2 protein chains.
Amino acid sequence: MSDDQSKTTHRPRRVTAQTVAEAAGVSRSAVSRAFTPGAYLDAGKRKKIHEVAASMGYQPNALAAGLKGGRSHLVAVFVGNMRSAYDTEFVMALVGKLNALNKWPILIDGADQTTEQAIQQVLRYPLDALILRGGSMQSEIVTHCSKIGVPMISTGRIVEARGVDNVCCRNADGTGLATTTLIQAGRTRFGFIGGPAQFFSSVGRRQGVESALSKAGLQLVAQADGDFTVDTGFKVATALLKKHSLDALVCANDATAIGALAAARDLGIAVPEALSVVGFDDIEMAGWPSFDLSTVCNPIDDAVERVIGLLEQRLANPSKPSETVLIDPYFVPRGTH
Amino acid sequence: MSDDQSKTTHRPRRVTAQTVAEAAGVSRSAVSRAFTPGAYLDAGKRKKIHEVAASMGYQPNALAAGLKGGRSHLVAVFVGNMRSAYDTEFVMALVGKLNALNKWPILIDGADQTTEQAIQQVLRYPLDALILRGGSMQSEIVTHCSKIGVPMISTGRIVEARGVDNVCCRNADGTGLATTTLIQAGRTRFGFIGGPAQFFSSVGRRQGVESALSKAGLQLVAQADGDFTVDTGFKVATALLKKHSLDALVCANDATAIGALAAARDLGIAVPEALSVVGFDDIEMAGWPSFDLSTVCNPIDDAVERVIGLLEQRLANPSKPSETVLIDPYFVPRGTH
DNA sequence: CCCGTATCTGCCCACGTGTGCACATCATGT
DNA sequence: ACATGATGTGCACACGTGGGCAGATACGGG
């Protein structure tokens, strides 16, 4: 009796197909077939099974199903910087799309110190894919995933490796576009505030500014590195604007630009009359009335759609050659230029 | 031969313990033990196995392990509103903590139309727990989870149901605190902008304002409902400020307050000289130089820590009675009051 | 030499499912 | 009546792992 009690109360064991089969008076196979679209099963029996299953709260165990060799429907999503508004907007959009596809995103914080260990642990699941959003993934991990056959899709940073698909914005084109627009409006004394020096996107965006200026016979008056945050944008822009006389400030992302706007206001520099400020990404808050920031749209919906598309193609054909999709950014004129 | 080829190339099958065992010249059990801390195994043999495993990229399959009856280490996280800055900050913090615990968060977008279906699908996995962040979860789903024995932890909204632990902010205390502070500073003509009318947190926060005013012999001059976004905050605040002469505006969250700040500025109302504006949550951007918003901190780290604590307790003792943990908010004085 | 003990290892079962295969049932055409 | 095809169903296996159980080996004491 003590045994019975411990069995029935201590472990409220999950209801299984066998239990449902007994309750419905059919074989376990029939239950399995009842939940498999396209399987041969008498319509009446299928209905009966579904009723019994619903009353007992039965659902086929996805773990067992995934074990059988099919897809696990689990997708790891590695987020380089969870503090960044663009990355979070991106991830949230991606999560919605994956949910709609019945793929289950496991989120991993890439900024944490224990990330490498976490990735190792999560790779114990037979993942359908690993999606990288920005960040600086250890190449060791990429090699590992490639070895165990987990397809990877990188976005925001191009990873040149076997089995890695890429979706990335034409960063240089984006800042080039913005710079050209400002030049045509008569700006000549340009400053640029980047992200961390080695960051993929920061490098591309800087090049875009320099090359557009160079085509017009101009060059950067001043530049500095930030870290993609508002606070640092504020500090770096303050220092830059105090030291140099600029009439245009191109920032590597919107957060930096928003910091720069506050800096200009505090220094009494009129935007956009005396100074144009443009950002990059077009995060939601760039359009808020408080900022009304002119920026370069790094279209999230496009990118997410392409990521999803690549994922589907990859799952349909695992040996498909790797692909790199480039997304076209476009200038969004608002009130700061 | 064609068979061989299809086996070796078409399906790059996952490397299994059996393969490693053969390569290392040991039994499959030995491989399993090599990855099980505390299991009897010759130290040298364990080392050898680890080396071989590393070279082949072997990791024990977590699906199979979870199937065996232990924990799956998967935790579903249901996010009511992915567009809300507070919710995203909360989720990101939660994700980091779960990662550190080797629990794998599966994110589900609660705002999507297909949410109910998605939840049903994800419940096919034997989840360790389901964490609800805000939103209005169908009670049907709560009942279902309770039936199949998946523990739930709700945060941001108190769910009274069997098997649901709660972590929630003392919303009324928070706005009460802010209101009292403004009264002591001499404010008398109060307005309040809430969230959607039926929202749990909005109701509590409104009550806090009304009760604090009532204690001081005052009452609300004007109030309206928003939807917790900046844009709507701007519109609603504009309407409110045009119609009524207020000297204090309490907003149900920071986004609404940020919209209200822009509205006041556009209407030429000086903040904080002629009007105090306070928000709720203390999201990161409330502290940005552009806003410098006085607000009520709804401490994320505290709440996440309590959620994690409840999760650990629940896993250690599944029959532990449900618990409701209340978090104390506190006023954060900045530049808008 | 024998026995007890401590340490190590292999066999085998259970976990819950999907599905190939063989078989059963039944309607239909000749 | 019999062959044939269509439709439905149960058996049994495989998926990859953890761990219980018993057997093997080594070692030391009597």
Side-chain angles (χ1 to χ4, degrees), chain A residues 3 7 11-49 53 56-74 121 123-128 148-149, chain B residues 3 7 11-49 53 56-74 121 123-128 148-149:
Chain A
D3 251 328
K7 271 179 190 167
R11 295 281 174 192
R13 300 212 358 82
R14 192 181 164 93
V15 48
T16 175
Q18 183 65 47
T19 325
V20 176
E22 285 161 12
V26 299
S27 77
R28 191 189 59 75
S29 298
V31 177
S32 177
R33 279 189 243 272
F35 285 88
T36 307
Y40 273 135
L41 189 63
D42 178 73
K45 194 178 279 191
R46 166 168 270 149
K47 183 155 175 278
K48 172 77 184 291
I49 292 175
M56 305 179 72
Y58 170 76
Q59 300 252 105
N61 186 328
L63 247 55
L67 181 58
K68 195 61 184 67
R71 300 280 169 203
S72 71
H73 296 286
L74 296 174
Q121 289 297 315
L123 283 176
R124 296 176 51 146
Y125 294 88
L127 302 172
D128 280 7
I148 64 179
Chain B
D3 250 328
K7 271 181 191 168
R11 296 278 175 193
R13 303 214 353 84
R14 191 182 165 93
V15 47
T16 175
Q18 184 64 46
T19 324
V20 176
E22 285 162 11
V26 298
S27 76
R28 190 190 59 76
S29 297
V31 177
S32 176
R33 279 189 247 273
F35 286 88
T36 307
Y40 273 135
L41 188 64
D42 179 72
K45 194 178 281 193
R46 166 169 269 146
K47 184 156 174 278
K48 172 78 184 289
I49 293 174
M56 304 180 72
Y58 170 77
Q59 299 252 107
N61 186 328
L63 248 56
L67 181 58
K68 195 63 182 65
R71 300 281 170 202
S72 72
H73 296 286
L74 297 175
Q121 288 298 315
L123 283 177
R124 295 176 51 147
Y125 294 89
L127 302 172
D128 281 6
I148 65 177

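Just so we're clear, the structure is a prediction, and the values are computed from it rather than from any experiment.
Exactly one residue among L123(B), L127(B), D128(B) makes a side-chain contact (heavy atoms from CB on, under 4.5 Å) with Y125(B). That residue is L127(B).
Each of dG18(D), dG8(D), dG16(C) was ranked by its minimum atom distance to the side chain of D42(A); first place goes to dG8(D). In this structure, of dT19(C), dT17(C), dT9(D), it is dT19(C) that holds the atom nearest to the side chain of T36(A). Taking only side-chain atoms of L41(A), from C-beta outward, the nucleotide of dT9(D), dG10(C), dG16(C) with the closest atom is dT9(D).
I49(B) has its CD1 atom 12 Å from the C1' atom of dC8(C), to the nearest Å. Atom C1' of nucleotide dC8(C) and atom CZ of R46(B) are separated by 12 Å, given to the nearest angstrom. When the P atom of dT17(D) is taken as reference, atom CZ of R124(A) falls 9 Å away, rounded to whole Å. Between L67(A) atom CG and dC13(D) atom P there is a gap of 17 Å when expressed in whole angstrom units. For K68(A) and dC13(D), the NZ to P distance is 13 Å, given to the nearest whole Å. One atom, CG of N61(B), and another, C1' of dG16(C), lie 14 Å apart when rounded to the nearest Å. K47(B) places its NZ atom 17 Å from the P atom of dC8(C), with the value rounded to the nearest Å. The nearest whole Å value for the distance from the CD1 atom in I148(B) to the P atom in dG16(C) is 14 Å.
Side-chain atoms of R28(A) come within donor-acceptor range of the base of dG18(C), with a qualifying N/O pair under 3.5 Å. Within 3.5 Å, no donor on the side chain of S27(B) pairs with an acceptor on the base of dC11(C), nor the reverse. Residue S29(B) places a side-chain atom within donor-acceptor reach of the base of dC11(C), judged by atom type and a 3.5 Å distance cut-off alone. Applying the 3.5 Å distance criterion, the base of dG10(C) shares a donor-acceptor pair with the side chain of R33(B).
Residues T16(A) and Y58(A) share a closest heavy-atom pair of C-CE1, 3.6 Å. For K48(A) against A24(A), the heavy-atom pair with the smallest separation is NZ-O, 3.8 Å. Annotation for M56(B) and T19(B): closest pair CE-CG2, 3.6 Å, computed over non-hydrogen atoms. Minimum heavy-atom separation, L67(A) to A64(B): CD1-CB, 3.8 Å. The two residues S72(A) and P126(A) make their nearest non-hydrogen contact at OG-O, 2.6 Å.
Using a 4.0 Å heavy-atom distance criterion, F35(A) is classed as making no nucleic acid contact. Counting non-hydrogen atoms under 4.0 angstrom, S32(B) reaches a base of the nucleic acid. When heavy atoms are screened at a 4.0 angstrom cut-off, L63(B) is found touching no nucleic acid atom at all.
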Tell me which donor-acceptor pairs under 3.5 Å the side chains of residues 31-41 of chain B have, and how far apart each pair is, sequence neighbours excluded?
unit_1 : atom_1 : unit_2 : atom_2 : d
T36(B) : OG1    : S32(B) : O      : 2.8

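Look at K45(B) and you'll find a side-chain N or O under 4.0 angstrom from OP1 or OP2 of dT9(C). The side chain of Y40(A) contributes no N or O atom lying less than 4.0 Å from OP1 or OP2 of dA24(C).
Using a 4.5 Å heavy-atom threshold, the side chains of R124(B) and N61(A) count as separate.
The C1' atoms of five pairs define one axis at each end of the helix from dC1(C)-dG30(D) to dT30(C)-dA1(D), and these two axes lie 60° apart (to 10°).
In terms of position along DNA chain C, the nucleotide closest to A30(B) lies nearer the 5' end than the nucleotide closest to the other residue of the pair A30(B) and P60(A).
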